[in-house]
Amino acid sequence: MRCANPSPITDHRSPALALEELDWIPRPKILALRRLGIETAEDLLTHFPRRHEDRTEFPHFPREESDIPVCLCGEVIKTSLRRFGGWKKIFEATLQESQANALSEPIVCRWFNLHYVQKMIMTGQRIVVFGKPRVRGKRICMDHPEFEIIENDDEISIHFRRITPIYPATEGLSQRVLRSMVYRLLSEVTDHSFETLLPRALMNGAMTRAGSIRAIHFPESWEQRDSAREHLVLSEFFAMQMLIASRRTDASIRIGHAHCGSRALLDAFLKSLPFELTRAQQNVIEEIRRDLAAAHPMNRLLQGDVGSGKTVVAIAAMLLVIEAGYQVAFMAPTQILAEQHYDVLRRWLEPLGVRIALRTAARQEQSGPLALFASVTPPNSPCDPQIIVGTHALLYESVSFSNLGLAVIDEQHKFGVAQRARLITREPASDVLVMTATPIPRTLTMTIYGDLDVSTIDEMPRNRGKIVTAVRDASKLPKVLTFLRTQLEARRQLYVIYPLIDESEKLDVKAAAAEYELWRERFHPFRCELLHGRIAPAEKQQIMERFRCGETNALISTTVLEVGVDVPNANVMLIENAERFGLAQLHQLRGRIGRGEHKSYCILLTSAQAKEASTKLAVLERTSNGFEVAEADWELRGPGDLLGTAQSGLPALKIGNLKADAELMRRARAAAMSIFQVDPRLESPENQRFRQLIVEQRGHTFSNVS
Ligand code: ADP
Ligand code: MG
């Protein structure tokens, strides 16, 4: 017999109720629910199952092993506790099938070192287990199955004989208790307390939010579960995309200026370059030019793999803006990079008469006719710098731009959205170009950078030497050294990255020095220098300069080298303990080589035998395309750490999965965009219901919807 879902009755419980107001939830359970982040009735109803078990009927006990987990029900006929290896314990519970026949075999459930299980399971109980059956000797076993004890038959209709929800649980809150609470709450809330907030384009038949919430917990069929889930995922994605679309619209309807010159300066610059732009670079410059020429503020993300030539594109944008009489801020995440950009800009732009200033904590200077700062000169005076290069401190310090037209932010993933927002809120709005060298999967672009227009450089300059990447066991170091020396003898330069992952990790200066001594001996008579985060900025700068001009042959470095550094003659990189780095970081590091015409080599040294480590490193051997690396990285470890989604200022997802539900995200985004396209301020009556989606998420009313 199939039990009906909890049916809506007329008690007017609102989903916004605090849990305390539900007097049937005992106090200790309220505390346990809090640990799961559940504070209100609504939170409890949107504590979605992480999976469902088919408990409509239980199969006979298996007699073979299988890789597909099964859900079985039986009676505990024996328990035992065995010790092994001193203090370790195995608890075993033997289950007998309820309707045993002559052929049925008991199954042995085993838990290792789980003290609490042994306290819960007793002979005579009926329990449900979920796990993979395995053959162990003559027995069929299930190791560490999930289990649930059937306590009394009254509740059987909630927990069994149906497709049963399994929740993320916590200590002090068992599946049964959680499930019973959700069941009861569902029977107390009315359908009309849930509002269905989906546009028609995303609706699937007559499914409502109320119906979906009931069905996601206690579905009557798998099909029903699936369409409920789809509805809820779409709702979640749609709300997120409405927020993103509103931010985007917010920015684009603000007052801005056209900041675009005639391109005479740009043409002069392009003529002076020793290379031709790639098609991709030209296309992207054209996209940016159109944005600059429009009166509304530009908000554009420039995506391109390491070495694809983003800087030149950024410079092109800057020149257009300068030519129109505005200033440009160029921000890099670190001092080294800011200085490097400053040097590159001076080399390329001073001959064209462009005035450039550097503002970092350590160094302030201005090139050009007069070494003065903008703040002490009248706006637009002939000694005002046209480009101010600095770190993101430029955003915080009271650097007064006399008339900022464009802000370029390099390596955006190091900046938070909040910092970006700071720029966008200046009045009148300047144009903003953010650049990232960390390619990210498309679905993430739609969310994390969803409020930006995206330009992608999907082509590498043609003159690039190939990068060969090889993973080698640490025991092969002598052979690797021989190879490195042949490269040094061919007048190439190289990087050795040593495994201090995070500069904040306590750097043992002695160890670094010892490391350095070792490499000096190994490379003698070639010249080495050591670079790490504790070296003072001015000295770092000199070290980099000596390396850039070829005075130093090898740079022994921590990951301070990570982003942006550009020395074309350096074509070999050795990374020690490569398994300790993330894929994205390794790809970034590797991007430091392969910048000149010589063939390049990236050697990943590892002593880790672990399978995950070799799977990870093999990705880099297989491809040097950053987008492929990003997808693989995502496959391997999920979106969590890829970019710090928290940094994006978007709500955490409760049910949708960015990877598995990418198609639903695309649909939700299209729907949200088209609503804002027609009605950017959400003024029309039929859009009123969507305003709250945005206001709720932003926590306050906002400029274009208020
Ligand atoms: P990234 O995209 O990683 O920031 P850069 O802008 O630093 O890359 O460019 C890497 C190197 O390639 C620089 O030395 C730059 O001068 C050079 N470069 C850029 N565009 C081209 C091109 N079209 N042809 C040849 N070299 C180029
Ligand atoms: Mg760069």
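Being a predicted model, the structure only gives us computed values, none of them experimental. Indexing begins at 1, ligand by ligand and atom by atom, following the structure's order.
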Do G307 and ligand 1 have an N or O pair less than 3.5 Å apart?
yes
With respect to W348, determine whether any N or O atom, backbone or side chain, lies less than 3.5 Å from an N or O atom of ligand 1.
no
Enumerated ligand 1 atoms positioned under 4.0 Å from heavy atoms of E276:
22 (C), 23 (N), 24 (N)
What class does the angle between the rings of Y601 and F483 fall in, given that below 30° is parallel, 30 to 60° is tilted and above 60° is perpendicular?
perpendicular
Tell me whether S308 reaches ligand 1 (any heavy atom closer than 4.0 angstrom to a ligand atom).
yes
Residues R666 and E663 bridged, charged N to O under 4.0 Å:
yes
Q281 side-chain N/O to T278 backbone N/O, donor-acceptor pair under 3.5 Å
yes
N571 and side-chain hydrogen bond (donor to acceptor under 3.5 Å, both in side chains): which partner among Q493, H598, Q487?
Q487
Should we say atom CZ of R520 is surrounded by more than 12 heavy atoms from elsewhere, each under 6.0 Å from it?
no
Using a 4.0 Å cutoff against the non-hydrogen atoms of T278, which atoms of ligand 1 qualify?
23 (N)
Winner among V567, T311, I457 once heavy atoms are compared against atom 4 (O) of ligand 1
T311
At less than 4.0 angstrom from any non-hydrogen atom of V306, what atoms of ligand 1 do you find?
3 (O)
Of the backbone atoms (N, CA, C, O) and the side-chain heavy atoms from C-beta on, which set of Q281 has a member under 4.0 Å from an atom of ligand 1: side chain, backbone, both, or neither?
side chain
Going by distance only, is there an N or O of G309 that falls short of 3.5 Å from an N or O of ligand 1?
yes
Please could you name the atoms of ligand 1 that L277 approaches to less than 4.0 Å, counting only its heavy atoms?
23 (N)
Could you tell me which residues satisfy salt bridge (charged side-chain N to carboxylate O under 4.0 Å, His left out) with R289, sequence neighbours excluded, listed by chain and number?
E286
Considering residues, nucleotides and ligands other than R546, do more than 12 of their heavy atoms fall under 6.0 Å from its CZ?
yes
